[in-house]
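Note that the coordinates shown come from a computational prediction; the quantities given were computed from them, not determined experimentally.
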Amino acid sequence: MAGLEVSVQKDLRGFSLDLSFSTGANCLGILGASGCGKSMTLRCIAGVAAPDRGRIALEERVLYDSAAGIDLPPQKRQVGYLFQNCALFPNMTVAENLAAGLGKRSRREKAETVARMVERFRLSGLEDRYPRQLSGGQQQRVALGRSLARDPDLLLLDEPFSALDAHLREELLLELRQILEEFQGTAVLVTHSREEAFFLCRELLILDRGRLSAFGETKAIFRAPGTVQAAILTGCRNIVRAERAREDRLWVPDWNALLTIGRPVPEGITHLGIPARSLHPPEEGEENRLAVVSPVVMEGPAQSQVVFSPGEDPKVRLWWEPEGGAGSGIPGELAVRPRDILLLTE
């Protein structure tokens, strides 16, 4: 199992990338908004961009160390890199693209590797076609096969599904998960999709304008994101400022509500979050009730949402995902269990 250690600093337009982490997970996800430094992090690891300062090591093999003057070129880092736009060579056939980067291997070794990638990624019959003659999914398979052809210790994936339609994306997600399960090294997936991160990644790093906002086991971060930015990126819609009123209670000015948290509120908590699916019509005697008005039902093919105003300010909204849809009626109050309230810092 390859281990990856990264500590890099790089000045970017408008902010600085300043990031340190280490992972040995089968797949680490880097989740963040557009322009937060996700792709630049991959570029620094791959060696196609240089940090201003820092150190990068893979399985204790130093790839970059500004203090020691080490900066291995990309071809010596034993890294497979799948670019966002595939980056296939347009004047090369599928077979030639798969063989690109195999270096000084013999003709026989290259032919055997290409044949193995063709079979593995279901490209039989396409060997002599050019990228322009392939579908988007076929291009992605070629690009992924090329990334794995060199048997890398580390696989870098930069938003590999961003240009695909929903049906093709779901199909390739299943394929990539199987590939990652078989991969013996470490993979790093950059994405802006929380669904992709949750489905593919054992560990998750959330990046906010070049800084680490959360890092840990993926499902644990989704359960307790810890920061406002992490809560937003993991899908929490109801995030508001909150003030510590008592040891286990928070006052929410925007909702005109005093909520029981059911546990001590740590110092430094500035916001709370409530996942839309955690709200429900209150049971008799239940606390943590929120009066809601002006409902707007947003019907979706798989899930309906209802958007309320919980106070007098129409700009303040409360999102509810009713179990089973909104057909059973719209309540005048909603409630939340103390254990479902997320405590957040900025």
Side-chain angles (χ1 to χ4, degrees), residues 1-84 87 101 103 146-160 180 183-192 197 200-218 220-221 226-227 229-230 233:
M1 175 70 73
L4 176 66
E5 299 177 15
V6 175
S7 178
V8 294
Q9 298 84 44
K10 186 174 180 63
D11 293 332
L12 304 176
R13 184 175 297 178
F15 65 95
S16 294
L17 177 66
D18 190 348
L19 184 62
S20 294
F21 67 90
S22 62
T23 181
N26 175 257
C27 186
L28 166 71
I30 300 181
L31 181 65
S34 297
C36 71
K38 302 188 304 296
S39 293
M40 180 55 71
T41 301
L42 284 200
R43 289 168 61 83
C44 290
I45 295 170
V48 296
D52 297 328
R53 300 164 298 281
R55 185 178 186 275
I56 302 170
L58 177 60
E59 241 180 4
E60 300 183 355
R61 184 168 60 95
V62 178
L63 309 182
Y64 174 85
D65 190 327
S66 57
I70 298 172
D71 188 5
L72 295 186
Q75 61 270 24
K76 291 187 177 181
R77 296 197 177 198
Q78 199 57 24
V79 171
Y81 195 167
L82 180 59
F83 293 88
Q84 186 173 349
R146 184 179 64 182
S147 299
L148 291 170
R150 295 178 61 207
D151 296 320
D153 294 326
L154 176 66
L155 180 62
L156 305 177
L157 307 163
D158 191 358
E159 301 198 31
L180 291 174
F183 184 56
Q184 296 300 306
T186 293
V188 181
L189 169 72
V190 156
T191 181
H192 61 265
L200 294 173
C201 304
R202 185 179 303 167
E203 288 186 340
L204 185 62
L205 185 157
I206 293 182
L207 199 58
D208 181 19
R209 288 182 61 80
R211 298 296 198 274
L212 191 153
S213 179
F215 178 59
E217 193 268 330
T218 299
I221 289 178
T227 67
Q229 186 65 13
L233 290 170

Ser66: which residues meet the side chain to side chain donor-acceptor pair (under 3.5 Å) condition with it, sequence neighbours left out?
none

Residues which pass side-chain contact (heavy atoms from CB on, under 4.5 Å) with Glu203, listed by chain and number, not counting sequence neighbours
Thr23, Ala25, Leu28, Phe215

Rounded to the nearest 0.5 Å, what's the gap from CZ on Phe183 to CG on Asp151? Could you check?
9.0 Å

Return each pair, listed once, that meets ring-ring contact (aromatic ring centres under 6.0 Å, His included) where at least one residue sits in residues 12-67; pairs must be two or more places apart or across chains.
none

Examine distances only and state if a side-chain atom of Arg202 and a backbone atom of Gly29 form a donor-acceptor pair shorter than 3.5 Å.
no

Kindly indicate whether the side chain of Leu207, heavy atoms from C-beta on, has any atom under 4.5 Å from the side chain of Leu19.
yes

By ring-ring contact (aromatic ring centres under 6.0 Å, His included) - contacts of Phe83 (at least two apart):
Tyr81

Rounded distance [0.5 Å steps], CG in Asp18 versus CZ in Arg209
13.5 Å

Least distance between heavy atoms, Ala230 atom then Ala214 atom:
CB-CB, 4.0 Å

Side chain to side chain donor-acceptor pair (under 3.5 Å) partners for Ser213, two or more places apart:
Thr227

Could you work out, with side-chain contact (heavy atoms from CB on, under 4.5 Å) as the rule, every residue matching Ala68, not counting sequence neighbours?
Asp65, Ile70

Report yes if the side chains of Leu154 and Val188 come closer than 4.5 Å at any heavy-atom pair, otherwise no.
yes

Sequence-distant partners of Asp71, salt bridge (charged side-chain N to carboxylate O under 4.0 Å, His left out), two or more places apart:
Arg77

Closest contact, heavy atoms only, Ala197 versus Thr191:
CB-CG2, 4.1 Å

Which pairs count as side-chain hydrogen bond (donor to acceptor under 3.5 Å, both in side chains) when at least one residue sits in residues 4-13, sequence neighbours excluded?
Ser7-Ser20, Asp11-Ser16

Set of residues satisfying side-chain contact (heavy atoms from CB on, under 4.5 Å) with respect to Cys27, sequence neighbours excluded:
Leu180, Ala187, Leu189, Cys201

Side-chain heavy atoms of Leu155 within contact of Leu157, under 4.5 Å:
yes

So do the side chains of Leu156 and Val79 get within less than 4.5 Å of each other, counting heavy atoms only?
yes

Can you check whether Arg55 reaches Val6 side chain to side chain, under 4.5 Å on heavy atoms?
no

For Pro51 and Val8 the tightest heavy-atom approach is CG-CG1, 3.8 Å

Once rounded to the nearest 0.5 Å, what's the spacing between atom OG1 of Thr218 and atom CG of Leu200?
9.5 Å

Atom CG of Leu204 and atom CD1 of Ile30: how far apart are they, to the nearest 0.5 Å?
9.5 Å

Would you mind listing every side-chain hydrogen bond (donor to acceptor under 3.5 Å, both in side chains) that reaches into residues 30-47, with sequence neighbours excluded?
Ser39-Asp158

Mind checking side-chain contact (heavy atoms from CB on, under 4.5 Å) for Leu233 and listing every partner two or more places apart, or none if nothing turns up?
Leu31, Ile206, Gln229

Under 3.5 Å donor-acceptor, Gln78 side chain and Arg150 backbone
yes

Please name the pair of heavy atoms, one in Leu12 and one in Gly37, separated by the smallest distance, quoted to 0.1 Å.
CD1-CA, 4.5 Å

